[in-house]
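Structure record follows, encoded as structure tokens.
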2 protein chains.
Amino acid sequence: MSATRRRAPGGRDESRPHEPGTPATPVIPEATVARLPVYLRALTALADAGTTTCSSEELATAAGVNSAKLRKDLSYLGSYGTRGVGYDVEYLRYQIAREIGVTQDWPVVIVGIGNLGHALANFSGFRSRGFRIVALLDAAPERQQEEVAGLRVRGFDEVDALVAEHQVAIGVIATPAAAAQAVCDRLVTAGVTSILNFAPTVLAVPEGVDVRKVDLSIELQILAYHEQRKAHAAPIPGEGLDRVEESA
Amino acid sequence: MSATRRRAPGGRDESRPHEPGTPATPVIPEATVARLPVYLRALTALADAGTTTCSSEELATAAGVNSAKLRKDLSYLGSYGTRGVGYDVEYLRYQIAREIGVTQDWPVVIVGIGNLGHALANFSGFRSRGFRIVALLDAAPERQQEEVAGLRVRGFDEVDALVAEHQVAIGVIATPAAAAQAVCDRLVTAGVTSILNFAPTVLAVPEGVDVRKVDLSIELQILAYHEQRKAHAAPIPGEGLDRVEESA
DNA sequence: ACGAGTTTGTTCTCCAGTTCACAAACTCCT
DNA sequence: AGGAGTTTGTGAACTGGAGAACAAACTCGT
Ligand SMILES: NC(=O)c1ccc[n+]([C@@H]2O[C@H](COP(=O)([O-])OP(=O)(O)OC[C@H]3O[C@@H](n4cnc5c(N)ncnc54)[C@H](O)[C@@H]3O)[C@@H](O)[C@H]2O)c1
Ligand SMILES: NC(=O)c1ccc[n+]([C@@H]2O[C@H](COP(=O)([O-])OP(=O)(O)OC[C@H]3O[C@@H](n4cnc5c(N)ncnc54)[C@H](O)[C@@H]3O)[C@@H](O)[C@H]2O)c1
């Protein structure tokens, strides 16, 4: 792999201008950042299938996006393709993984080992995607007897020690909504600066802390809205040609 | 509640122009549709706390958005506020629920009753948000002995009968990625027209079918990207003032 | 009844992101 | 070596959404 490594000569090379004062990194649009993991997944699937090279068209199809968008997204990372040929699957996969920051594992803590917390803790897929679950925390004493996925559930008061010990930057909240803000505050105090929130609440965090939310009810309600619209627009159940946007 | 019902006189009333040929409904931007459930949640919380009236400012704070954006979003539904006063919480809550289509419950099937499927089936919150789980399906025979959350797990071959019987429009896929496309195809054939996909694959569906995906690994990877950026931009662990956008 | 104060609904401006379209760059065949 | 064919990378037009700002519309106190 990596036949063309990064042709240093030629035109401009804007990889790391590091003049003192400028932020060095060329800034990637947020919409692109959100798609890079999808490309990474598609490339991994292609690599597993034995494909060594692919065109932007093929990769775009696999990722479920427009090929022009894909090319523009990749152009923010650099020129990793070869005109007339396409992209080296393994090389591009590595470059994206490096850009995202998942070439080595990130330690993660999960708080709230109930229904959802158990499922997350038992999920093996995180490991291969750049994450390692290092601690499971729960406030309920009866939970703390349990061992889930090879880890003993710890009391939430151990959060500071565990976060410090494993240098945890990313925390997952899977507690009831009522507890989420308090848990969030404690995590931030302990040193966590990125939070994935499953509880249906808006979390307030200090600047410098990232929050992303996953709310299944919201997703279902968005589907319900469009579903209602379909039913309303096409009263005849025979054939109703209404526009519906893909969103996979 | 509902002090001002919908003042029919006055200016223009663009609620239902139903001229034959025009699509009747005034079209709500997709970005707004995605936020309506958040407003609904915030209003429910306010109502539970005993609040009867709120301003756009208060509601915006509760929902974690800009108040101008909130007002513009609500304006797509109609004029449900009163200038100088604000919004009637209960009334607005109902109007949004009606717009989304969750004034009555939507029947839902879940396919793949593994780690995640169990958690979803046991989650009680769907009911109060407009959804009723009517069937749990799994291909593995040993799963079909089980009873989860009061429902016996059914074989996937019963999908057609169950979807037809309960008039199911929404399906949830919680199977491994390898099975997801096949499961999706079968669901669509059975009559499902909206799919929530937890498997890390892009699903291909015919026009008229909506797909939304939830991918935890992608969410974590987006956090990892920003986390890496923070670490890179601020090498001194003391105090690094870098911009980070909220996203709750 | 009227003016001061409040808050909505909407218009206008601006920006990020998407899509098109094509020159540049590469391969392969003759 | 040169030309035909392929595919990338990107400039430019276009689209949708975000935010500021303000007039219209309401309440309340006098
Ligand atoms: N289960 C699902 O499929 C699902 C779906 C959508 C949303 N959610 C949301 O995910 C969250 C968890 O759902 P669940 O079904 O796992 O709930 P659960 O009640 O089964 O589990 C919650 C766990 O959090 C623990 N907890 C409570 N307060 C805590 C605190 N202050 N500190 C630490 N731990 C604490 C509890 O002891 C319990 O073990 C909820 O907010 C729920 O709304 C869950
Ligand atoms: N568990 C998590 O927290 C988590 C997190 C992120 C993503 N996911 C994704 O969610 C999906 C489910 O995860 P999981 O941990 O529950 O997996 P799991 O292996 O525990 O469960 C999968 C279930 O699907 C059933 N199944 C397999 N093929 C089927 C088919 N053709 N028809 C019907 N049922 C079939 C299996 O019998 C099994 O019960 C996976 O795609 C996974 O990548 C899970």
Side-chain angles (χ1 to χ4, degrees), chain A residues 3-7 9-15 26-36 38-39 51-61 63-89 91-92 95 243 245-247, chain B residues 3-7 9-15 26-36 38-39 51-61 63-89 91-92 95 243 245-247:
Chain A
T4 50
R5 252 299 152 176
R6 168 170 269 284
R7 57 222 74 130
R12 66 254 150 83
D13 180 6
E14 25 69 294
S15 56
V27 90
I28 296 179
E30 195 52 37
T32 298
V33 171
R35 281 187 295 267
L36 289 181
V38 181
Y39 303 152
T51 313
T52 59
T53 295
C54 70
S55 68
S56 65
E57 201 70 52
E58 292 172 79
L59 183 53
T61 303
V65 301
N66 181 302
S67 73
K69 183 152 52 177
L70 170 76
R71 287 199 301 275
K72 179 154 279 191
D73 283 342
L74 294 184
S75 76
Y76 291 117
L77 313 193
S79 267
Y80 295 138
T82 308
R83 301 181 186 207
V85 179
Y87 301 93
D88 181 293
V89 170
Y91 179 55
L92 183 59
Q95 292 301 336
R243 65 180 64 245
E245 65 288 351
E246 257 270 23
S247 50
Chain B
T4 50
R5 252 301 152 174
R6 167 170 270 283
R7 58 222 73 125
R12 67 262 155 82
D13 181 4
E14 28 68 292
S15 57
V27 91
I28 296 178
E30 195 53 35
T32 298
V33 170
R35 281 188 295 266
L36 289 180
V38 180
Y39 303 152
T51 312
T52 58
T53 296
C54 71
S55 68
S56 64
E57 202 69 51
E58 293 172 79
L59 184 54
T61 303
V65 301
N66 180 299
S67 72
K69 182 153 53 175
L70 170 74
R71 288 199 299 278
K72 185 179 277 188
D73 283 343
L74 294 184
S75 76
Y76 292 117
L77 314 191
S79 267
Y80 295 137
T82 309
R83 299 181 185 204
V85 179
Y87 301 92
D88 181 292
V89 171
Y91 179 54
L92 183 58
Q95 292 300 336
R243 63 182 66 245
E245 66 289 349
E246 258 267 24
S247 50

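Letters go in sequence order (proteins before strands), and every chain restarts at 1. As a basis for the values below, the full set of heavy atoms in this structure was taken, side chains included, without hydrogen atoms, waters or symmetry mates.
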Please produce a list of atom pairs where a protein N or O lies less than 3.5 Å from an N or O of nucleotides 6-8 of chain D.
| from | atom 1 | to | atom 2 | distance (Å) |
| --- | --- | --- | --- | --- |
| D:dT7 | O4' | A:Gly84 | N | 3.1 |
| D:dT7 | O2 | A:Gly84 | N | 3.3 |
| D:dT8 | OP1 | A:Ser56 | N | 2.4 |
| D:dT8 | OP2 | A:Ser56 | OG | 2.6 |
| D:dT8 | O2 | A:Arg83 | NH1 | 3.4 |

B:Leu92 has an atom CG; how far is it from atom C1' of C:dG9, in whole Å?
-> 14 Å

In Å and rounded to the nearest 0.5 Å, what is the CG to OH distance from B:Leu70 to B:Tyr39?
-> 5.0 Å

Kindly write out the residues that satisfy side-chain contact (heavy atoms from CB on, under 4.5 Å) with A:Thr52, not counting sequence neighbours, or none if the list is empty.
-> none

Across all chains, not counting sequence neighbours, the side-chain contact (heavy atoms from CB on, under 4.5 Å) partners of B:Thr61 are none

Atom pairs under 3.5 Å: protein N/O with N/O of nucleotides 14-18 of chain D:
| from | atom 1 | to | atom 2 | distance (Å) |
| --- | --- | --- | --- | --- |
| D:dA18 | OP1 | B:Arg35 | NH1 | 3.0 |
| D:dA18 | OP2 | B:Arg35 | NH2 | 3.0 |

Considering residues at least two apart in sequence or located in another chain, which fulfil the side-chain contact (heavy atoms from CB on, under 4.5 Å) criterion with A:Ala68?
-> A:Asn66, A:Arg71

With sequence neighbours left out, write down each residue that passes side-chain hydrogen bond (donor to acceptor under 3.5 Å, both in side chains) with A:Thr32, or none if nothing qualifies.
-> A:Asp73

Rounded to the nearest 0.5 Å, what separation is found between the SG atom of B:Cys54 and the CG atom of B:Leu92?
-> 7.0 Å

List for me each residue that meets side-chain hydrogen bond (donor to acceptor under 3.5 Å, both in side chains) alongside B:Thr53, sequence neighbours excluded, and say none if there are none.
-> none

Results of side-chain contact (heavy atoms from CB on, under 4.5 Å) for A:Ala34 - residues two or more places apart only | B:Ile222

Whole-Å distance, A:Asp88 CG to C:dT27 C1', equals 16 Å

